[in-house]
Chemist: 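To start, I am sharing the structure in question, which I have written as structure tokens.
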Amino acid sequence: MKLPMPYTKTINSEFAIVGGGVAGLATAIAFQQINKDFMLFEQAKELKGIGAGFGLAANAMRALDLLGLKTDVEKIGYYLDSYHILDDKGQLLAAPNTHAIRKKYQQQNFAIHRADLHLFMLSKINTQKLKLGKKALRLEQHVDAVTLFFEDGTQHTSRFLIIADGVKSPLRQQLIPSSIPRYSGYTCWRATIDNTKIRLDRGTETWGKSGRFGMTPLSNNRIYWYACINATSDNPIYRDYKVKDLLKHFQSYHDPIPAILIQTKDSDLIWGDIMDVKPLKRLAYDNILLIGDAGHATTPNMGQGACQALEDVAVLSDELGLENDVKNAFSSFEKRRLSRTTYITDTSKRIGEIAQWDNSMLIHMRNILMKIMPTRLAQRNLDKLLSVDFMKY
């Protein structure tokens, strides 16, 4: 993108952050801590987070620790002692050694409700620095400023822009027209339900011919579950699926999967296709930086979406503390983050493709190999992910 002449009109803030998800909220908190002038814009009129959960692995907890948030997040999260991968009959396929990981990295793994984390982070932000109902449609980049144009007709100009508005970011699309979200090949339902009758006490993911079904306990006696089925994108049949349809689809799967579905209401269901973005070659564009899903959206197969967003913020905060020139800090951020986020996006995509196999012969071979595979090989991707200190150059 060719930069025009220097900007001569009013600058409204030093930084603008677009997107009130995990990446944007964490960035706002970090900027408060290092006394940066910013304004955070979110298109929703209310920040509450969707009714779904996700994992905060050891690397995410370390990032939260660096941001001074870990202790409070642990109080609202659910400690995960284990996470097993099963076949559709409930037989064990793989059991990552979470105890060894916890000991090695001095951090625990948690599951958390997205809304709980959003509300917690929101409580840490000066409300005068947050503007809701502001959907950013496009930007104009200048030598020393960036102007945002919103759906409501207003504008905001800042020295620097942090784009954190997710996988479908229109601002990223403007910067990089080729960065269209790509469909994974499978669609997903999610829900959070009461755990009183089920009494689930561990996290599992089941792989079978009919698709995947994952479940994990959450704090406040809740269960977060998800189900993934191979399908064409925006499939009109699956768009109208109800609980009874999912129950029929997964009726042959082991307990407590049918029981969990029976306890779910149609109004609890959240449906959407699983998307990612082909790894970008750049994250920094002079005075603009892409972070979180806007910069490196990944499928959820490694449980690293929110984790990588938190890593981003820890590294960005570190760079801004080390470097007075923000453009140089953005460039250094890119060098520290790009290879790691590319590896995770590519690896997660590959894991999802294998997990979603629906050919009986391939599934049989896969399951046998997973059962006999040495632990060190089964954990190779996890060890590679967590053995790297994301704060080092």
Side-chain angles (χ1 to χ4, degrees), residues 19 21-24 26-27 53-64 66 80 83 85 94 96 98 101 104-105 107 109-112 114 163-164 166-169 172 176 179 181-186 188 203 205 212 214 226 228 274-284 289-316 318-319 332-356 377-393:
V22 172
T27 301
F54 53 76
L56 293 173
N59 58 314
M61 297 310 296
R62 183 174 180 227
L64 287 166
L66 292 168
L80 285 179
Y83 196 87
I85 298 176
T98 55
I101 293 169
K104 182 175 182 179
Y105 302 105
Q107 300 287 356
N109 300 307
F110 287 81
I112 194 166
R114 185 180 295 271
I163 299 177
V167 62
K168 297 180 180 179
S169 169
R172 184 197 65 239
I176 318 161
S179 64
R182 60 183 181 183
Y183 178 50
S184 64
Y186 43 95
C188 186
E205 184 172 275
R212 274 184 295 166
Y226 57 89
C228 297
I274 298 297
M275 316 285 286
D276 72 358
V277 172
K278 183 179 179 180
L280 305 176
K281 299 185 184 303
R282 295 175 60 187
L283 296 174
L289 184 66
L290 296 162
I291 68 169
D293 282 352
H296 44 77
T298 179
T299 53
N301 305 301
M302 294 178 73
Q304 280 292 308
C307 300
Q308 288 307 298
L310 291 168
E311 281 191 12
D312 280 352
V313 178
V315 171
L316 177 59
D318 185 53
E319 280 297 333
S332 295
F333 170 93
E334 176 183 279
K335 293 175 183 176
R336 291 172 68 174
R337 297 297 295 151
L338 199 55
S339 63
R340 180 167 173 81
T341 57
T342 296
Y343 164 75
I344 288 167
T345 299
D346 288 341
T347 305
S348 184
K349 183 177 185 295
R350 186 170 63 252
I351 291 172
E353 290 168 350
I354 295 171
Q356 289 293 138
L377 291 179
Q379 288 207 175
R380 182 173 51 191
N381 289 327
L382 189 59
D383 287 339
K384 185 174 181 179
L385 168 68
L386 295 174
S387 63
V388 174
D389 186 347
F390 64 86
M391 289 303 291
K392 290 184 178 180
Y393 286 91

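These values consider heavy atoms only, across backbone and side chains, with no hydrogens, waters or symmetry-generated copies.
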Chemist: Would you say Glu334's side chain and Ala284's backbone share a donor-acceptor pair under 3.5 angstrom?
Modeler: yes

Chemist: For the backbone of Met391 and the side chain of Arg336, can you confirm whether one donor and one acceptor N or O come within less than 3.5 Å of each other?
Modeler: yes

Chemist: Identify the heavy atoms of Cys307 and Ala57 that sit nearest to each other, and give their distance.
Modeler: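 Heavy-atom minimum between the residues: SG-N, 3.5 Å.
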
Chemist: Once side chain to side chain contact (heavy atoms under 4.5 Å, CB included) is applied, do any residues pair with Thr342, and if so which ones, sequence neighbours excluded?
Modeler: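 Result, side chain to side chain contact (heavy atoms under 4.5 Å, CB included) vs Thr342: Pro279, Leu338, Asp346.
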
Chemist: Has the side chain of Thr298 got a donor or acceptor atom that lies under 3.5 Å from a matching backbone atom of Gly305?
Modeler: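 No; judged by distance alone, with no hydrogens or angles, the pair does not exist.
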
Chemist: Minimum heavy-atom separation for Val167 and Ala297, please, with both atom names.
Modeler: CG2-CB, 3.6 Å

Chemist: If you define the side chain from C-beta out and look only at heavy atoms, does anything of Ile163 sit under 4.5 Å from Ile291?
Modeler: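 No, side chains not in contact.
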
Chemist: With a 4.5 Å heavy-atom cut-off, do Asn59 and Arg340 have their side chains touching?
Modeler: yes

Chemist: Please report the shortest heavy-atom distance between Ser179 and Leu280, naming the atom on each side.
Modeler: CB-CD2, 3.8 Å

Chemist: Roughly how far, to the nearest 0.5 Å, is the OH atom of Tyr186 from the CD atom of Gln356?
Modeler: 6.0 Å

Chemist: Taking the six-membered ring of Phe54, is the NZ or CZ of Arg114 close enough (under 6.0 Å from the centre) and on axis enough (within 45°)?
Modeler: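 No, Arg114 and Phe54 do not form such a contact.
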
Chemist: Give the minimum heavy-atom separation between Phe333 and Glu319, together with the two atoms involved.
Modeler: N-CG, 4.1 Å

Chemist: For Ala26 and Leu310, which heavy atoms make the closest approach, and how far apart are they?
Modeler: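 It is CB-CD2, 4.0 Å.
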
Chemist: Would you kindly check if the NZ (Lys) or CZ (Arg) of Arg62 is within the cone defined by 45 degrees around the ring axis of Phe390 and under 6.0 Å from the six-membered ring centre?
Modeler: yes

Chemist: Rounded to the nearest 0.5 Å, what's the gap from OG1 on Thr345 to NZ on Lys278? Could you check?
Modeler: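 Answer for the OG1-NZ pair, Thr345 versus Lys278, is 12.5 Å.
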
Chemist: At what distance, to the nearest 0.5 angstrom, does CE of Met302 lie from OG1 of Thr347?
Modeler: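 If we round to the nearest 0.5 Å, Met302:CE and Thr347:OG1 are 5.5 Å apart.
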
Chemist: Is a donor on one side and an acceptor on the other found under 3.5 Å between the side chain of Arg212 and the backbone of Cys228?
Modeler: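 Between the backbone of Cys228 and the side chain of Arg212 there is no qualifying donor-acceptor contact (under 3.5 Å).
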
Chemist: Using 0.5 Å steps for rounding, measure from the NE2 atom of His296 to the CD atom of Glu311.
Modeler: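 One gets 8.5 Å once the value is rounded to the nearest 0.5 Å.
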
Chemist: Considering all heavy atoms of both residues, which atom of Ala23 and which atom of Val313 are nearest to each other, and what is their separation?
Modeler: O-CG2, 3.7 Å

Chemist: Could you please spell out the steps behind the side-chain hydrogen bond (donor to acceptor under 3.5 Å, both in side chains) verdict for Glu353 and Asn301?
Modeler: CA-CA 10 Å; Glu353 290 168 350; Asn301 305 301; over 6 Å; no

Chemist: Rounded to the nearest 0.5 Å, how far does CD of Gln304 lie from CG of Leu56?
Modeler: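 The CG atom of Leu56 sits 10.0 Å away from the CD atom of Gln304.
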
Chemist: Would Lys168 and Asp293 pass as an ion pair if we require N to O under 4.0 Å?
Modeler: no

Chemist: Is any NZ, NE, NH1 or NH2 atom of the basic residue among Asp276 and Arg182 found under 4.0 Å from an Asp or Glu carboxylate oxygen of the other?
Modeler: yes

Chemist: Quick one about Ser348 and Thr299 (side-chain donor to acceptor, distance below 3.5 Å, no hydrogens or angles considered), yes or no?
Modeler: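 A donor-acceptor contact under 3.5 Å links the two side chains.
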
Chemist: Could you go through the side-chain contact (heavy atoms from CB on, under 4.5 Å) check for Arg337 and Leu289 one step at a time?
Modeler: CA-CA 12 Å; Arg337 297 297 295 151; Leu289 184 66; over 6 Å; no

Chemist: Would you mind telling me which of Ile176, Val277, Asp312 makes a side chain to side chain contact (heavy atoms under 4.5 Å, CB included) with Leu290?
Modeler: Ile176

